[in-house]
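First up is the structure itself, then whatever we jot down about it.
These numbers come from the heavy atoms of this one structure, side chains and all, not from hydrogens, waters or symmetry mates.
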Amino acid sequence: MTLSNELWTANQDLAKACLEHPFVQGIGDGTLERVKFAYYVGQDAFFLEAFARAYSIAAAKAPDWVGFTTFHNLAGGVLAELQLHSGYASQWGVNLHSVEPGTATRRYTDFLLATAWGQDVGLTAAAMSPCMRLYAFLGEQLASNGIPNHQYADWIRTYSSADFQPLAQQLENLVDNYATVNAVVHSTYRYAMLCEYDFFQAAWSL
């Protein structure tokens, strides 16, 4: 089993908890309160800017050209995702330029940027991988009976799409290529998964 598979398998409890979270289920069936989704969109845009920076830091530190170009391309994918958020923002009346990051958001972005600056690219890839793999998983699960026709359909369409799944795989390939199997990589990955859960919880308990 590859390291990325081992890490994902070891955290199925949290993946399942995220899928079953009322926030995610509310996106799935279209019943989530608009104000909660609007808050989430702003927080996620703030998060994604940090995520793109972490990719860029990792690209600069990559030991070889393949790693550099892969991290760089993944940063480009985040910029495309931010375009989606600006579309949401106008639709949901969110001003992305005045987002005040919540505690859960700040905790997650501080962790990712500290890892990217202070650790090697393997550990950085392991810290970033849960976000991509989890969203690919959530998109796939929520779209399993077809894309629903409601206000959150675009979100489900994006993360279940044939474009998004390979991005998650590219990042997992970086984990497999550069990360070392040890307790730190396991705890780093799990901490990121916990941050994902807390991110949904913060929007839900608004």
Exercise. If every non-hydrogen atom of Leu3 is compared with every non-hydrogen atom of Ala179, which pair is closest and at what distance?
Worked result: CD2-CB, 3.7 Å
Exercise. Do Trp8 and Tyr189 pass the ring-ring contact (aromatic ring centres under 6.0 Å, His included) test, and can you show the C-alpha distance, the side-chain angles, and the key distance before you say yes or no?
Worked result: CA-CA 9 Å; Trp8 175 243; Tyr189 191 99; 7.3 Å; no
Problem set entry | CG-CG distance between Leu194 and Asp198, expressed to the nearest 0.5 angstrom | 6.5 Å
For this session: Return the orientation label for the Tyr152 and His150 ring planes: parallel under 30°, perpendicular over 60°, tilted otherwise.
Result: perpendicular
Seminar exercise, completed: Between the CD1 atom in Ile147 and the CZ atom in Arg157, the distance rounded to the nearest 0.5 Å is 5.5 Å
Exercise. Quick check: are there more than 12 heavy atoms from other residues, nucleotides or ligands sitting under 6.0 Å from NE2 of His186?
Worked result: yes
Problem set entry | Heavy-atom closest pair, residues Cys131 and Tyr108 | CB-OH, 3.7 Å
Problem set entry | Arg34 vs Gln151 side-chain heavy atoms within contact, under 4.5 Å | yes
For this session: Rounded to the nearest 0.5 Å, what's the gap from OG1 on Thr109 to CZ on Arg53? Could you check?
Result: 11.0 Å
For this session: Mind telling me whether Tyr135 and Trp155 have parallel, tilted or perpendicular rings, with 30° and 60° as the class edges?
Result: tilted
Exercise. Between atom CG of Leu14 and atom OH of Tyr191, what is the distance when rounded to the nearest 0.5 Å?
Worked result: 13.0 Å
Problem set entry | Heavy-atom pair with the smallest gap, counting every atom of Ala89 and Val41 | N-CG1, 4.5 Å
For this session: Following the transitive rule for hydrophobic clusters with a side-chain heavy-atom cut-off under 4.5 Å over Ile, Leu, Val, Met, Phe, Trp and Tyr, establish whether Leu48 and Leu79 coincide in one cluster.
Result: yes
For this session: Could you check Met132 against Gln169 for side chain to side chain contact (heavy atoms under 4.5 Å, CB included), going step by step and ending with a plain yes or no?
Result: CA-CA 9 Å; Met132 299 292 284; Gln169 189 56 59; over 6 Å; no
Problem set entry | Under 3.5 Å: donor-acceptor pair, side chain of Ser144, backbone of Gln141 | yes
Exercise. Taking side chain as C-beta onward, heavy atoms only, is Val121 less than 4.5 Å from Pro63?
Worked result: yes
Problem set entry | Cluster link Phe68 to Val175, ILVMFWY, side chain under 4.5 Å | no
For this session: Let me see the working for Ile27 and Ile156 under side chain to side chain contact (heavy atoms under 4.5 Å, CB included), right down to the final yes or no.
Result: CA-CA 8 Å; Ile27 287 178; Ile156 298 170; 4.2 Å; yes
Exercise. Do the side chains of Arg133 and Leu171 get nearer than 4.5 Å, heavy atoms only?
Worked result: no
For this session: Under the side-chain hydrogen bond (donor to acceptor under 3.5 Å, both in side chains) rule, what do Tyr39 and Glu33 come out as? Steps first, then yes or no, please.
Result: CA-CA 10 Å; Tyr39 173 81; Glu33 289 173 61; over 6 Å; no
Exercise. Distance-only, no hydrogens or angles: does the Asn177 side chain make a donor-acceptor pair with backbone N or O of Asn173 under 3.5 Å?
Worked result: yes
For this session: Can you label the angle between the Trp204 ring and the His21 ring as parallel, tilted or perpendicular, going by 30° and 60°?
Result: perpendicular
Problem set entry | Test item: Lys36 and Phe200 side chains (from C-beta on) under 4.5 Å apart, heavy atoms | no
For this session: For the residue pair Leu174 and Leu74, establish whether any side-chain heavy-atom pair is separated by less than 4.5 Å.
Result: yes
For this session: Determine, using the 4.5 Å side-chain heavy-atom cutoff (strictly less than), whether Leu167 and Leu82 are members of one ILVMFWY cluster.
Result: yes
For this session: Verify side chain to side chain contact (heavy atoms under 4.5 Å, CB included) between Leu123 and Val184, making sure each step is shown before the conclusion.
Result: CA-CA 8 Å; Leu123 200 60; Val184 175; 3.8 Å; yes
Problem set entry | Donor-acceptor pair, side chain of Glu196 and main chain of Cys18, under 3.5 angstrom | no
Problem set entry | Minimal non-hydrogen separation, Gly67 against Ala62, with atom names | C-CB, 3.7 Å
Seminar exercise, completed: Output for pair (Asp29 CG, Leu142 CG), nearest 0.5 Å, gives 9.0 Å
Exercise. Is it the case that one hydrophobic cluster holds both Phe111 and Tyr197, taking links as side-chain heavy atoms less than 4.5 Å apart, direct or via other members?
Worked result: no
For this session: Examine distances only and state if a side-chain atom of Gln165 and a backbone atom of Ala136 form a donor-acceptor pair shorter than 3.5 Å.
Result: yes
Exercise. Given side chains that start at C-beta, do those of Glu6 and Thr9 come closer than 4.5 Å, heavy atoms only?
Worked result: no
For this session: Enter the distance from Cys195:SG to Leu112:CG here, rounded to the nearest 0.5 Å.
Result: 7.5 Å
Seminar exercise, completed: With sequence neighbours left out, the residues meeting side-chain contact (heavy atoms from CB on, under 4.5 Å) with Pro101 are Gln43, Phe46, Thr105, Arg106
Problem set entry | Atom of Thr124, atom of Ala54 and distance for their closest heavy-atom approach | CG2-O, 4.4 Å
Exercise. Salt bridge between Asp13 and Arg190, side-chain N to carboxylate O under 4.0 Å?
Worked result: yes
Exercise. Would a 4.5 Å heavy-atom cut-off, applied to side chains only, mark Met128 and Phe51 as touching?
Worked result: yes
Exercise. Is the side chain of Ser129 donor-acceptor paired with the backbone N or O of Ala125 at a distance under 3.5 Å, no angle test?
Worked result: no
Problem set entry | Minimum-distance pair of heavy atoms, taken over all atoms of Ala127 and Thr188 | CB-CG2, 3.7 Å
Exercise. If you look only at pairs with a residue in residues 54-66, which of them pass as a side chain to side chain donor-acceptor pair (under 3.5 Å), with sequence neighbours excluded?
Worked result: Asp64-Tyr178
Exercise. Does Thr2 offer a backbone N or O that forms a donor-acceptor pair with the side chain of Asp176 under 3.5 Å?
Worked result: no
Exercise. Taking the side chain as C-beta and beyond, is there a heavy-atom pair between Phe164 and Glu81 under 4.5 Å?
Worked result: yes
Exercise. Are any side-chain N or O atoms of Ser161 and backbone N or O atoms of Asp163, one a donor and one an acceptor, separated by less than 3.5 Å?
Worked result: yes
For this session: Flag yes if more than 12 heavy atoms outside Asn182 fall under 6.0 Å of its CG atom; otherwise flag no.
Result: yes
Problem set entry | Ion pair check, Lys16 and Glu20, cut-off under 4.0 Å | yes
Exercise. With hydrophobic residues grouped by side-chain heavy-atom distances under 4.5 Å, do Met1 and Leu7 end up in a single group?
Worked result: no
For this session: Examine distances only and state if a side-chain atom of Asp44 and a backbone atom of Tyr40 form a donor-acceptor pair shorter than 3.5 Å.
Result: no
